[in-house]
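Notes to accompany the following structure.
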There are 2 protein chains.
Amino acid sequence: MTALRVLLAIAEHGTASGAAEAVNLTQSAVSKHLRGLEESLGVALFARGSRGLVPTEAGRIYVKHVRLALAELEAAAAHISALKASPWSVRLHVLPIIGDRWLLPRFSRFAELHPEIDVQFTTFVTADTAETADGVFRFGEGQWAGQCADYLFGRDVALVGTAALVSRLGGIQTAEDVRRYTVLDHFQTPLRWSEFAAAHGLGEFKPNHTIRFGFYSLVIRAAISGQGLALVPRRLVQDELESGRLINPAGLGFQSRNAYWFTIPEDRPVRPGLAAFHKWLLAEVQAP
Amino acid sequence: MTALRVLLAIAEHGTASGAAEAVNLTQSAVSKHLRGLEESLGVALFARGSRGLVPTEAGRIYVKHVRLALAELEAAAAHISALKASPWSVRLHVLPIIGDRWLLPRFSRFAELHPEIDVQFTTFVTADTAETADGVFRFGEGQWAGQCADYLFGRDVALVGTAALVSRLGGIQTAEDVRRYTVLDHFQTPLRWSEFAAAHGLGEFKPNHTIRFGFYSLVIRAAISGQGLALVPRRLVQDELESGRLINPAGLGFQSRNAYWFTIPEDRPVRPGLAAFHKWLLAEVQAP
DNA sequence: ACTACGGTATTCCCTTTTGGAATAGAACCG
DNA sequence: CGGTTCTATTCCAAAAGGGAATACCGTAGT
């Protein structure tokens with residue numbers, strides 16, 4: 001069971017050590033779980049490379065199903081916990097990328113501040129999971145029917161890559177130069193590069209080569225390991241930009257209409273636990 | 001994880017001890033698993049009665065979701081095992097009621113006969129699970145598009161109940177007498193009682209009281225514990241009829257158009273493992 | 001070519017969990 | 001009121017899970 005969670009974590013992080021952190025285990029445990037799964041299925045799920053684990057065909061299929069299954073289990077738990085919701089419990093639906101790179105690192109502060117509030121996280125998407133949640137983190141333009149949305153961050157999108165990569169291909173002065181590079185993209189939000197092109201008046205944008213990933217964390221990871229250029233909300237790579245592991249050549253980027261929001265249902269009374277979280281969240285976004 | 005399987009087994013059997021047998025554990029282990037689940041969810045899933053465990057509202061909801069989740073996992077496994085199918089492996093989709101009461105008890109004979117054949121059972125229903133299966137046990141009239149179907153048994157439906165129940169309410173001479181009894185029914189195949197009524201020219205059949213169950217094994221179990229009369233394929237309660245735990249008053253029953261069939265896809269080449277199983281299955285049905 | 005680095009696999013060892021046998025207890029039935 | 005048929009609990013052995021340390025392997029940069 002934890003093996004399945006481990007599996008998904010690996011799929012999202014692309015490395016066993018990264019996954020280990022995400023599920024609060026050691027890399028050794030993760031490795032063993034993966035091996036256990038592969039043995040019981042009799043199939044290799046990930047190909048071992050020195051840069052991490054890359055899913056095999058079977059792995060991709062299996063991961064897809066396992067994600068659905070865990071989503072269903074999560075929905076089950078959410079559903080029954082909705083039956084006994086106390087005013088001090090909060091059920092949140094969090095996008096993995098936000099949870100990993102933004103919310104969880106600072107959530108411990110909230111937990112310390114409000115030990116009496118019981119916060120439950122949900123990360124997979126199912127039909128009714130969004131319905132039973134008290135608050136949902138979303139990506140989009142800020143309009144959802146029946147939802148009251150607060151902007152968090154993410155409109156400020158930066159073009160990023162490693163210094164080594166950029167200098168090797170002759171540097172980037174203008175957006176035009178990007179055409180020479182491999183670009184990294186995300187399956188579910190493929191519009192980003194055309195938004196970038198539009199913002200810089202590039203017209204038809206046909207990059208040298210595109211690599212697509214199923215998870216945004218993989219896009220970021222690929223950028224860090226120098227595989228190409230990525231468009232990422234600046235806030236999500238703040239650490240890397242400050243430490244120099246990533247650079248933002250020529251300050252290129254654009255203002256996106258799509259960003260990260262936190263929504264709460266309009267029709268439902270706001271219970272005190274949710275109110276406290278909501279307030280904390282907005283404050284945290286303002287003053288980082 | 002096994003806890004979830006245990007949960008479903010309990011839901012299907014209505015007793016912890018029965019479930020224990022179904023999942024190859026002891027009753028003690030089952031009890032502990034259930035308690036563990038309930039504690040981690042903070043909700044009672046089953047009400048403890050001295051005649052077994054009956055699901056609570058929360059329990060029913062949870063079971064429903066868990067079934068979907070496990071179906072998904074099963075589909076995952078089936079999917080990837082389809083990728084590496086050897087000619088000596090067979091993937092079967094089995095209806096729980098058949099698996100429990102008919103197939104598994106005699107399957108060990110097949111396993112002894114053909115140790116080289118790797119048989120994989122699947123019991124939950126998912127869209128593609130039926131597609132990847134080599135053979136499927138079905139309930140119906142024998143016509144499925146693209147499937148070649150062999151009749152197994154189940155057309156001979158008997159009216160059954162405990163001797164105690166029947167004598168208490170004054171015995172049953174004709175089908176008319178059934179009206180005085182509580183009847184047991186199955187959600188997914190509710191037509192049975194009207195078929196029975198039609199076969200005996202009863203016209204509008206309005207029984208005294210009806211109890212409905214989500215699983216056919218619960219119907220049988222309820223009949224055995226004297227809760228009412230049930231219509232059951234005779235082959236599925238052969239043991240009980242012979243031992244007298246159930247009786248078939250006045251030999252009442254009817255010939256149903258719906259029965260149990262085994263189907264294999266028409267378009268697919270029949271691999272040797274499947275051929276062997278198929279042959280064994282038909283022989284087993286003939287000579288019990 | 002060599003070293004530093006970032007990753008995975010493996011070994012050893014301890015802790016926790018799991019599962020079975022036996023037993024106790026509760027409800028129902030005749 | 002015994003007998004039967006359930007569940008809950010206790011005790012104990014076995015197995016799985018998980019962490020720390022270490023070995024190992026491929027790549028990148030000098």
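Numbers restart at 1 for each chain; the letters A, B, ... are given by sequence-line order, proteins then strands. The basis for the numbers below is simple: all heavy atoms, side chains too, and nothing from hydrogens, waters or symmetry mates.
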(message) Nearest heavy atom decides the nucleotide; on that basis, is A/Thr26 or A/Arg168 closer to the 5' end of DNA chain D?
(response)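 Per heavy-atom nearest nucleotide, the more 5' residue is A/Thr26.
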Could you state the atom-to-atom distance from [atom1] of [X] to [atom2] of [N] in whole Å?
| X | N | atom1 | atom2 | value |
| --- | --- | --- | --- | --- |
| B/Glu39 | C/dT18 | CD | P | 12 Å |
| A/Arg245 | C/dG6 | CZ | P | 8 Å |
| B/His13 | D/dT7 | NE2 | C1' | 17 Å |
| A/Phe46 | C/dT8 | CZ | C1' | 14 Å |
| B/Leu45 | D/dT7 | CG | P | 15 Å |
| A/Leu165 | D/dG29 | CG | P | 10 Å |
| B/Gln27 | D/dT9 | CD | C1' | 10 Å |
| B/Leu25 | D/dT7 | CG | P | 14 Å |

(request) Please check if any side-chain donor atom of A/Thr174 sits under 3.5 Å from a side-chain acceptor atom of A/Glu176, or the reverse. (result)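 No donor-acceptor contact under 3.5 Å links the two side chains.
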(request) Report the nucleotide, chosen from D/dG19, C/dT8, C/dG20, that has the shortest atom-to-atom distance to any side-chain atom of A/Ala16. (result)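 Nucleotide nearest to A/Ala16's side chain: C/dT8.
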(request) Would you mind telling me which of D/dT7, C/dT8, D/dG29 lies closest to the side-chain atoms of A/Ala164? (result)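 Of all the options, the side chain of A/Ala164 is nearest to D/dG29.
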(message) Base, sugar-phosphate or nothing for B/Thr15? Non-hydrogen atoms, less than 4.0 Å.
(response)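 Since only primed, P, OP1 and OP2 atoms lie under 4.0 Å of B/Thr15, the category is sugar-phosphate.
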(request) Looking at every strand, decide which applies to A/Arg221 at a 4.0 Å heavy-atom threshold: base, sugar-phosphate, or nothing. (result)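 If one applies the 4.0 Å heavy-atom cut-off, A/Arg221 turns out to touch the sugar-phosphate alone, with no base involved.
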(request) Would you state whether a donor and an acceptor, one from the side chain of A/Ser28 and one from the base of D/dA20, lie under 3.5 Å apart? (result)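 Checked by distance alone, the answer is yes.
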(request) Classify the side chain of A/Lys32 versus the base of D/dG17 as yes if they form a donor-acceptor pair under 3.5 Å and no if they do not. (result)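 Such a pair does not exist between side chain and base.
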(message) Let me confirm one number: the CG-CD distance from A/Leu68 to A/Glu72, rounded to the nearest 0.5 Å.
(response)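 So the gap between those two atoms works out to 8.5 Å.
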Examine [N]: is either OP1 or OP2 under 4.0 Å from a nitrogen or oxygen in the side chain of [X]? Give yes or no.
| X | N | value |
| --- | --- | --- |
| A/His33 | D/dG18 | yes |
| A/Ser31 | C/dA9 | yes |
| B/Arg48 | C/dA26 | no |
| A/Arg35 | D/dA16 | no |

(message) Between A/Arg91 and A/Ser89 (side chain of the first, backbone of the second, donor and acceptor by atom type, cut-off under 3.5 Å), is there such a pair?
(response)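 Such a contact is absent between A/Arg91 side chain and A/Ser89 backbone.
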(request) Verify, without hydrogens or angle tests, whether A/Asn248 (side chain) and A/Leu159 (backbone) share a donor-acceptor contact under 3.5 angstrom. (result)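 Answer holds: yes.
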(message) Using 30° and 60° as the class boundaries, would you call the ring planes of B/Phe110 and B/Phe107 parallel, tilted or perpendicular?
(response)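 B/Phe110 vs B/Phe107 ring planes: tilted.
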(request) On DNA chain C, check which nucleotide each of A/Arg51 and B/Gly49 is closest to and give me the residue with the more 5' one. (result)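 The 5'-side residue here is A/Arg51.
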